[in-house]
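In what follows, a structure is listed as structure tokens, so that the remarks can point back to it.
Here is the naming used below: chain letters follow the sequence lines, and residue numbers restart at 1 for every chain. Remember, predicted model here, so these are calculated numbers, not experimental data.
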Number of protein chains: 4
Amino acid sequence: MSVASVTPTYVTVSFVMTTEIGRPRDRGIGDAVLRATVELLAECSYADLSVDTIAARAGTSKPAIYRRWRGKAHLVHEAVFPRTATTELPDTGSLEGDVREMLRRTLMVLSTPAALAALPGLVGEMASDPTLHTALLERFGDVLVGALTDYVDAAAQRGDIRPGITAADLAEAVAGMTFLALLTRGALLDETWTERTARLITKGISP
Amino acid sequence: MSVASVTPTYVTVSFVMTTEIGRPRDRGIGDAVLRATVELLAECSYADLSVDTIAARAGTSKPAIYRRWRGKAHLVHEAVFPRTATTELPDTGSLEGDVREMLRRTLMVLSTPAALAALPGLVGEMASDPTLHTALLERFGDVLVGALTDYVDAAAQRGDIRPGITAADLAEAVAGMTFLALLTRGALLDETWTERTARLITKGISP
Amino acid sequence: MSVASVTPTYVTVSFVMTTEIGRPRDRGIGDAVLRATVELLAECSYADLSVDTIAARAGTSKPAIYRRWRGKAHLVHEAVFPRTATTELPDTGSLEGDVREMLRRTLMVLSTPAALAALPGLVGEMASDPTLHTALLERFGDVLVGALTDYVDAAAQRGDIRPGITAADLAEAVAGMTFLALLTRGALLDETWTERTARLITKGISP
Amino acid sequence: MSVASVTPTYVTVSFVMTTEIGRPRDRGIGDAVLRATVELLAECSYADLSVDTIAARAGTSKPAIYRRWRGKAHLVHEAVFPRTATTELPDTGSLEGDVREMLRRTLMVLSTPAALAALPGLVGEMASDPTLHTALLERFGDVLVGALTDYVDAAAQRGDIRPGITAADLAEAVAGMTFLALLTRGALLDETWTERTARLITKGISP
DNA sequence: GCTTAAACGAGACGGTACGTCACGTCTTCTA
DNA sequence: TAGAAGACGTGACGTACCGTCTCGTTTAAGC
């Protein structure tokens, strides 16, 4: 008996080459559940979202969901921040243009109805669920910090960014200010905000 | 019969000159409940905190709590961010010193065990409870933005801050970066972080 | 300090000649409360009747009620079965006529909207409250059994009732059958029922 | 989706040939709950009996109970008057012997510690809960009146009972007098009482 | 074609907390 | 001291959702 059949294999371990005996999982169910989650998050808050409702909307059942995800938080996390998110770095020619582009992309991801509804809830559950904490930071790191390291290094060597500034600093500034602005101003962040904030950050990291 | 006796008054609007008929609320109960809440939040997460437990620890009862607060979230909010918070502005002589002081104070408030445990939960409930959203922003605005306006104006006139930067911008930068850093790095923000971040923000808002 | 001021004096001990210092009780309040109770019992069941509601309807307050009665059950008991009930015995000339009259009177008392609503509730509380048990039986005994003793004795001596039949037997038959009929048939007991039941009881106690 | 899965089925209508999808109810839980209820009713009154306590004693949870019964009253009703009650008619050879036997059986059922504790409470809740009213009368009717109809008919044809007397009359007399005697005399009804009452009823229904 | 093993839907399960309600008492102010 | 008003502790109510489990059924892969 393989370990995979004892410890349920969540989506992240797809590279394990188990013999895959028995009835294979219906590929469509996972997608339907993720779609239903996003839909429902556009209609109600994270707290008001129940797994039963998701299952019903997706036309499936609760066990099928818990076979795929560790819990509600993990499901929502994957639904709102899919792994497919590209991490291509911006290249507008100027530092401020790039920062502006980063802000725009961050804002685009976070101001989705689903993200707006989910983020606070996910943040709330991070405290009690270390697994989720890791998962969220991992995604955050992958998307932003990871690819950013090279960018920051290059910019530093060009002299556009003063030494000492790390990728984490930049990511923190971009994500932190976007997040708080969304919380306080409520998803209504226009181009003006992006420009003003980009200017602030760019000046902040310049030599 | 006054309206106040029908719709329970959660937040005492002290300027209303009601005759205050009937047995007055035991002032000590509210305090004991707030104290108990802060204590318990140092021991468990927001989600694991139950109203029953708070009541028991405070030596009172659930109805007594629900007479005073609309729900768990509101109680926690008031316990963690009391109205008594002073908003005195820093005055170190230099802009960067002041920003550093703002970061330090924000960090001090947010890195309390109680705040660390409560914040994610509160943010999570903001989505479903507009009342709480208002209350939280109001406190945030009172404490930070409100008093900051004069500071930013003065600094702008002195030429320390470039025109166009608002108090909200500064507050957003300070709170946003602190919040995100706490989430990602987990309460372990040393003096180095404060200095680095202060430098970033200061440069960002300078002319 | 008289004992009466320590142990509150409920209605039953009115013959105690206390000095009655302080503000005398408002005589009208008791009546208003009793009236309100009867009214409300015509609109809802005993369980759905709250002391707060009674106080509001009577235009008084809860403490004023608890100063007069030991609790809800005692109040309802007195409201539904007032002490003023006369116990005059029937005298129709025939035993069967007399029994029929007893049934009619019992039915009249018990089929009041208030009585119908209150009786089950009172019976329910008898179990846990011995005081109420005593009070209810006392009233029952006063009204029915007490006066009945002489009647049964006389009838026995006339030869209308066979020896061995006691007043309690007769009362039990009359009240028991009426009570159960009310419970099962629900207050719709016509004259036919009265006659049939009177015939049964009369034959049952005849020589 | 069948209607049965929407409206919870409290009383199993066993003749309906549903496919019984989903996890079947644990048969043992229902039994344990009923047993616990009877046990607890021997120790405290109906009013002092809480669903939480029952759940704890039965080793199960409150939701599991509310899945099976509409509320406390219905649960107690079924616990105290199980559907298994036999309705075999007595056959002692004489009318008076049969009536005496009916009284004895009624008394046996009603003077159980559980029944004594529960009956008043149930009667009390009948008023506010029509469903319970129906359920109680149904059981009463099933057990007593139903089977009695044939008996009364046969006795009437033999000339033992005068025409006009119905099964309901007889049931009313037996149950009513027993019930009231229990209420007033408190469970201490000896054989003498049974005999005296049997004689009264027998004479009452004889030609 | 038959076996095997897992996925599937449905829904019951234990657990835990929620927010509400009523009781009967206590505390304040006013008359 | 009575009275009105209303807060208090107590304790139960019935509901909701979590994540797990147990059924009977379905589906693919492998012998």
Side-chain angles (χ1 to χ4, degrees), chain A residues 1 4-5 8 19-26 29 47-53 55-56 59-73, chain B residues 1-2 5 8 19-26 29 47-53 55 59-72, chain C residues 5 20-26 29 47-53 55-56 59-73, chain D residues 1-2 4-5 8 19-26 29 47-53 55 59-68 70-72:
Chain A
M1 191 182 289
S5 70
T19 324
E20 297 289 3
I21 50 180
R23 174 176 175 178
R25 284 194 188 154
D26 185 338
I29 289 183
D48 297 339
L49 182 69
S50 89
V51 179
D52 278 296
T53 314
T60 182
S61 63
K62 223 166 20 158
I65 290 181
Y66 280 98
R67 222 171 279 126
R68 287 166 172 77
W69 292 279
R70 200 186 288 278
K72 187 170 92 165
Chain B
M1 193 182 289
S2 79
S5 69
T19 322
E20 294 291 1
I21 50 181
R23 176 176 177 175
R25 287 197 184 149
D26 186 338
I29 289 181
D48 296 339
L49 182 69
S50 88
V51 179
D52 275 299
T53 314
T60 182
S61 62
K62 215 164 24 159
I65 290 182
Y66 280 100
R67 249 189 298 275
R68 288 168 171 75
W69 292 280
R70 202 185 288 278
K72 190 170 86 166
Chain C
S5 70
E20 297 290 3
I21 51 180
R23 174 174 172 180
R25 282 189 189 161
D26 185 339
I29 289 181
D48 297 338
L49 182 70
S50 89
V51 179
D52 280 296
T53 314
T60 182
S61 62
K62 223 167 18 160
I65 290 181
Y66 280 98
R67 222 171 280 126
R68 289 168 170 77
W69 292 278
R70 199 185 290 276
K72 188 170 92 166
Chain D
M1 193 183 290
S2 80
S5 70
T19 322
E20 295 289 2
I21 50 180
R23 176 176 177 174
R25 288 201 182 145
D26 186 338
I29 289 182
D48 297 339
L49 183 69
S50 87
V51 180
D52 275 301
T53 314
T60 183
S61 62
K62 212 163 29 159
I65 291 182
Y66 280 100
R67 254 189 293 276
R68 289 169 169 75
R70 201 184 290 277
K72 190 171 85 165

Would you say that D:Ile29 contacts D:Arg68 through its side chain, given a criterion of any heavy-atom pair below 4.5 Å between the two side chains? yes
By side chain to side chain contact (heavy atoms under 4.5 Å, CB included), A:Ala56 pairs with (sequence neighbours left out) none
What is the distance, to the nearest angstrom, from the CG atom on B:Asp26 to the P atom on E:dT28? 9 Å
When you check the phosphate oxygens OP1 and OP2 of F:dG6, does a side-chain N or O of B:Arg25 lie under 4.0 Å from one of them? no
For residues A:Leu49 and A:Lys72, report the shortest heavy-atom separation together with the two atoms involved. O-NZ, 2.9 Å
With sequence neighbours left out, the residues meeting side-chain hydrogen bond (donor to acceptor under 3.5 Å, both in side chains) with D:Asp26 are none
Which nucleotide in the list F:dG9, E:dC13, E:dT27 gets nearest to the side chain of B:Arg23? E:dT27
Measuring from the side chain of D:Arg67 (C-beta onward, heavy atoms only), which nucleotide among F:dC8, E:dC13, F:dA4 has the closest atom? E:dC13
Measure from CD1 on A:Ile65 to P on E:dG9 and round the result to the nearest Å. 9 Å
Which comes earlier along DNA chain F counting from the 5' end, the contact point of B:Ser61 or that of A:Ala73, where each point is its nearest nucleotide? B:Ser61
Going 5' to 3' through nucleotides 18-23 of chain E, assign each nucleotide B (protein heavy atom under 4.0 Å from a base atom), S (under 4.0 Å only from sugar-phosphate atoms) or - (no protein heavy atom that close). BBBBSS
For F:dC8, take OP1 and OP2 only and decide whether either is under 4.0 Å from a side-chain N or O of B:Arg68. yes
Excluding sequence neighbours, so at least two apart, what forms side chain to side chain contact (heavy atoms under 4.5 Å, CB included) with A:Pro63? A:Ser61, A:Arg67
Holding to salt bridge (Lys or Arg N to Asp or Glu O under 4.0 Å), I want the full list of residues that pass it with D:Asp52, two or more places apart in sequence or in another chain. D:Lys62
On the nucleotide F:dG9, are OP1 or OP2 found under 4.0 Å from the side-chain N or O atoms that B:Thr60 carries? yes
Using atom CD1 of B:Ile21 as one end and atom C1' of E:dT30 as the other, report the distance to the nearest whole Å. 11 Å
